[in-house]
Amino acid sequence: MCYELDAIAAVIIGGTLLSGGRGTIIGSILGLLIFTVITNLFILNGLNTADQLVAKGAIIVVAVLLQRRSLKTHT
């Protein structure tokens with residue numbers, strides 16, 4: 001398994017910015033719980049490993065794009 005991808009995704013979903021922002025432990029834990037639920041849904045639906053990695057990568061990309069968009073609106 002690709003635990004690094006899971007860890008990065010959980011932290012990003014939890015609200016930590018990739019551009020050097022600060023995150024909270026609570027946010028990271030919530031991100032981990034959300035990402036674990038998503039992973040379990042993939043497994044229950046019989047998604048193979050390669051498709052799971054693509055979907056997780058897409059989730060990371062969407063989360064980063066949403067973070068960038070929110071940063072642009074605040075400045």
Side-chain angles (χ1 to χ4, degrees):
M1 300 223 35
C2 187
Y3 295 114
E4 293 86 4
L5 179 66
D6 291 350
I8 292 168
V11 170
I12 291 171
I13 291 172
T16 302
L17 299 176
L18 283 180
S19 61
R22 295 187 183 128
T24 63
I25 293 174
I26 301 297
S28 294
I29 290 172
L30 289 175
L32 176 66
L33 291 174
I34 291 168
F35 201 69
T36 302
V37 168
I38 291 169
T39 301
N40 285 337
L41 288 173
F42 289 159
I43 292 169
L44 289 174
N45 287 322
L47 215 60
N48 63 26
T49 305
D51 292 338
Q52 286 182 26
L53 290 175
V54 170
K56 289 176 183 180
I59 291 169
I60 292 173
V61 169
V62 168
V64 169
L65 291 175
L66 289 173
Q67 285 180 355
R68 288 188 71 198
R69 185 176 182 194
S70 70
L71 284 176
K72 284 184 180 180
T73 60
H74 289 352
T75 57

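No hydrogens, no waters, no symmetry mates; every other heavy atom, side chains included, goes into these values. Bear in mind that the values here come from a model prediction, so they are computed numbers and not experimental data.
Pairing each heavy atom of T16 with each of Q67, the nearest pair is O-NE2, 3.2 Å. Listed here is the closest heavy atom pair of G31 and I13: CA-CG2, 3.9 Å.
In this structure a side-chain-to-backbone donor-acceptor pair under 3.5 Å is present from Q52 to L47. For S28 (side chain) and T24 (main-chain N/O), a donor-acceptor pair under 3.5 Å exists by modelled atom type.
One hydrophobic cluster, built from ILVMFWY side chains closer than 4.5 Å, cannot hold both I59 and I43; they sit in different ones.
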Practice problem: Could you check I60 against L5 for side-chain contact (heavy atoms from CB on, under 4.5 Å), going step by step and ending with a plain yes or no? | Solution: CA-CA 9 Å; I60 292 173; L5 179 66; 3.2 Å; yes

Self-check item: K56/T39 under side-chain contact (heavy atoms from CB on, under 4.5 Å): CA gap, chis, key distance, verdict
Solution: CA-CA 8 Å; K56 289 176 183 180; T39 301; 3.6 Å; yes

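In this structure, CD1 in I25 is found 13.0 Å from CG in L32, a value given to the nearest 0.5 Å. To the nearest 0.5 angstrom, F42 atom CZ is 11.5 Å from N48 atom CG.
Remark: of the listed residues L41, I34, N40, L41 is the sole one forming a side-chain contact (heavy atoms from CB on, under 4.5 Å) with V37.
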